[in-house]
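Right, one structure below, let's go through it.
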Amino acid sequence: MRAVYFEDGEVELREVTKLSGEGVRVRVRSAAICGSDLHMLDLKSPLKCVVGHEMAGVLDDGTPVAVEPSMPCWECASCRAGDYNLCAVGAGRSLGVGRDGGMADELRVPESCLVYLPSNVDVRDACLVEPLAVVVHGMHRAGLDAGQRVAVVGGGAIGLCVVAVAKAGNTTVGLSARYDHQMAAGKSLGAGEIEGQYDLVVECAGTEKAVNRAIKLCRPKGKVLILGTHWNGLPLQQIPVMMKEITIVSSFMYSTRGAVRDFDVAAILLSRHPEIAKALITHRFPLAEAKQAFAAARDRKAGAIKVVLEP
Ligand SMILES: [Zn+2]
Ligand SMILES: [Zn+2]
């Protein structure tokens, strides 16, 4: 079978004979490129495993599933409390980060990673369940309420998922995006232009400018949720944060609320709102064209939002 690796800053498609994972076989039908994949590629870090943490496929009996890449220990205090995203053991061994991920013809995963899809969700779109789950988790952390005014700073895949989740939660949403095609995608999901101040501002760009914009847009006593990843630290202007008594909310990956996983909620959202997949997926490539797919994902100006590999 074929699988995508990073080698010294280059994307490589290799022929491999053995599956490293254990458990149920998933034949991959969609695996999406994430900003963090591009970051890892740029780091030229020695990623020893197959790339890809946003993936979906079919089981041997044809059942379509999304795959949750979390690999928690299930035994530590965080895991026992249901906060398995905070498991210290699990952080370094997620699929596509520490263990073989989804940019391959197939992979094997523990049954706990399987997320069964509602019948109307196309498995070719279901790689979006992962980024949606990130947003479901973050919006829960921020305490999203119906009737709130929500602003989104950053029009990439995560920002657009925030628009979708916030609209599904009956809020008014304003979007600030760098590129016209991102704004158009946001509008198709129900976002308007930014106007006035907001109860909740979600920073999804991972830049200093975006953080400061988010703080400016936040009303006194409002909240700023940071979903952007600030690899070199978070440059925060403390004075306006203090003078408006803004609550800064952090969020990491996804876990579970009671018996329901963030992934399950995300799968239902994708089922109820087919416009999400339409707005987000701009490119599809066969696995053989992984190099071209990564080049397209990097070229945001050329219109890429979510680039999907289809083994
Ligand atoms: Zn991702
Ligand atoms: Zn644990």
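Note that this is a predicted model, so its numbers are computed, not measured. The analysis underlying the following values was restricted to heavy atoms, covering all of them including side chains, and did not include hydrogens, waters or symmetry mates. Each ligand, and each atom within it, is numbered from 1 in the order the structure gives.
Tyr5 and Glu10 form no side-chain donor-acceptor contact under 3.5 Å, judged by distance and modelled atom types alone.
Considering the Zn ion (ligand 2) as centre, the angle to SG of Cys76 and to SG of Cys73 is 110° (10° rounding). Between the SG atom of Cys79 and the SG atom of Cys87, the angle centred on the Zn ion (ligand 2) amounts to 110° when rounded to 10°.
Residues Leu225 and Leu227 form a side-chain contact, since some pair of their non-hydrogen atoms from C-beta on lies under 4.5 Å apart.
Shortest distance from the Zn ion (ligand 1) to Glu54 is reached at OE2 (N/O/S atoms only).
Salt-bridge check for Glu203 with Arg213: failed, with every basic side-chain N at 4.0 Å or more from each acidic carboxylate O. Under a 4.0 Å N-O distance rule, the pair Asp125/Lys278 does not qualify as a salt bridge.
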